[in-house]
Amino acid sequence: MPKEKATTRKSKKADAGGKKKKDPNAPKRGLSAYMFFANEQREKVREDNPGIKFGEVGKILGEKWKALSEKQRQPYESKAAADKKRYEEEKVAYANAGDEDEEDED
DNA sequence: CCGTTGATTGTTGAC
DNA sequence: GTCAACAATCAACGG
């Protein structure tokens, strides 16, 4: 059942005095295949659509991304997976955090 | 054991 | 500095 929820990621900015800390070290996850894909295509897309704004590029980028074959996404997914690994390290360090004395926390 | 959620990632463009 | 569609993600937690 697809959760037709447009990522409830709302304004992910500095909360006004909000003490809603999810994670102490907050190990940012790795990037997404789309992120890597966008990194390469963004130039190409804009190249084919010079002068267009994000609205266009974003959509074109998305449809193009899906236009790729699984094997074509491999390099992107590979990077995504590699980035995920990166996150894993942070995650580990995050889990390790607490053992060593923190420098300063406030 | 299973599934949900939330948080996050990066692009551009403009104010 | 922030947000917005676009897409993936996937790790953590709970009962």
Side-chain angles (χ1 to χ4, degrees):
Chain A
M1 287 77 234
K3 254 98 260 304
E4 62 280 286
K5 267 287 205 184
T7 56
T8 48
R9 68 129 151 35
K10 284 200 287 246
S11 3
K12 57 165 209 299
K13 63 183 183 76
D15 39 272
K19 282 173 165 54
K20 205 176 171 296
K21 66 169 180 64
K22 32 187 165 10
D23 285 309
N25 344 58
K28 318 290 213 283
R29 312 180 18 249
L31 272 73
S32 231
Y34 193 86
M35 302 293 98
F36 305 98
F37 163 82
N39 264 283
E40 298 249 313
Q41 293 294 306
R42 107 208 133 170
E43 298 176 354
K44 202 184 167 105
V45 173
R46 281 197 80 227
E47 183 192 280
D48 267 321
N49 305 276
I52 71 174
K53 43 191 217 248
F54 157 52
E56 275 56 54
V57 184
K59 280 188 167 176
I60 294 156
L61 216 53
E63 66 183 88
K64 282 218 164 207
W65 159 251
K66 289 182 153 183
L68 300 172
S69 304
E70 286 158 72
K71 61 175 228 166
Q72 277 150 110
R73 291 194 260 151
Q74 276 197 349
Y76 307 107
E77 285 181 322
S78 295
K79 277 189 144 220
D83 210 72
K84 172 192 156 286
K85 266 179 133 195
R86 192 99 221 111
Y87 163 70
E88 274 179 24
E89 285 176 56
E90 291 175 47
K91 183 178 48 142
V92 171
Y94 154 69
N96 264 312
D99 191 53
E100 286 189 34
D101 45 282
E102 277 104 68
E103 249 91 80
D104 73 81
E105 59 256 26
D106 179 41

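Small disclaimer: the values here were computed from a predicted structure and weren't measured. A note on names: the letters A, B, ... follow the listed sequences, proteins ahead of strands, and every chain is numbered from 1.
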Whole-Å distance separating the [atom1] atom of [X] from the [atom2] atom of [N]:
X: Glu89(A); N: dC10(C); atom1: CD; atom2: C1'; value: 17 Å
X: Glu40(A); N: dA8(C); atom1: CD; atom2: P; value: 18 Å
X: Gln72(A); N: dA8(C); atom1: CD; atom2: C1'; value: 17 Å
X: Gln41(A); N: dA7(C); atom1: CD; atom2: C1'; value: 14 Å

Q.
Closest approach to the side chain of Arg42(A), judged atom by atom: which nucleotide of dA11(C), dT9(B), dT12(B) is it?
A.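 Closest of the options to the side chain of Arg42(A): dT12(B).
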Q: Could you work out which one of dA8(C), dA7(C), dT11(B) sits closest to the side chain of Arg73(A)?
A: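 Looking only at side-chain atoms, Arg73(A) lies closest to dA8(C).
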Q.
Checking Glu88(A) now: which residues fulfil salt bridge (charged side-chain N to carboxylate O under 4.0 Å, His left out) with it, not counting sequence neighbours?
A.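 If we apply the salt bridge (charged side-chain N to carboxylate O under 4.0 Å, His left out) test to Glu88(A), skipping adjacent residues, the hits are Lys84(A).
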(Q) Run the salt bridge (charged side-chain N to carboxylate O under 4.0 Å, His left out) test against Arg42(A) and tell me which residues pass, sequence neighbours left out. (A)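 Partners of Arg42(A) by the salt bridge (charged side-chain N to carboxylate O under 4.0 Å, His left out) criterion come out as none, since no residue qualifies.
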Q: Can you sort out which residues in residues 76-87 of chain A have a heavy atom within less than 4.0 Å of DNA chain B? Ascending by number, please.
A: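 Within residues 76-87 of chain A, no residue comes under 4.0 Å of DNA chain B.
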Q. Contacts to DNA chain C from residues 48-57 of chain A, heavy-atom cutoff under 4.0 Å, which residues?
A.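 Contacts with DNA chain C under 4.0 Å: Phe54(A).
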(Q) Using a strict heavy-atom distance below 4.0 Å, which residues from residues 59-71 of chain A are in contact with DNA chain C? (A)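 Contacts with DNA chain C under 4.0 Å: Lys59(A), Gly62(A), Trp65(A), Lys66(A).
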Q. Quick one: the side chain of Arg29(A) and the base of dT9(B), do they pair up donor-acceptor inside 3.5 Å?
A.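 No such pair is found, so the answer is no.
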Q: Would you list the pairs meeting side-chain hydrogen bond (donor to acceptor under 3.5 Å, both in side chains) in which at least one residue belongs to residues 50-72 of chain A, sequence neighbours left out?
A: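 side-chain hydrogen bond (donor to acceptor under 3.5 Å, both in side chains) check on residues 50-72 of chain A returns Ser69(A)-Gln72(A).
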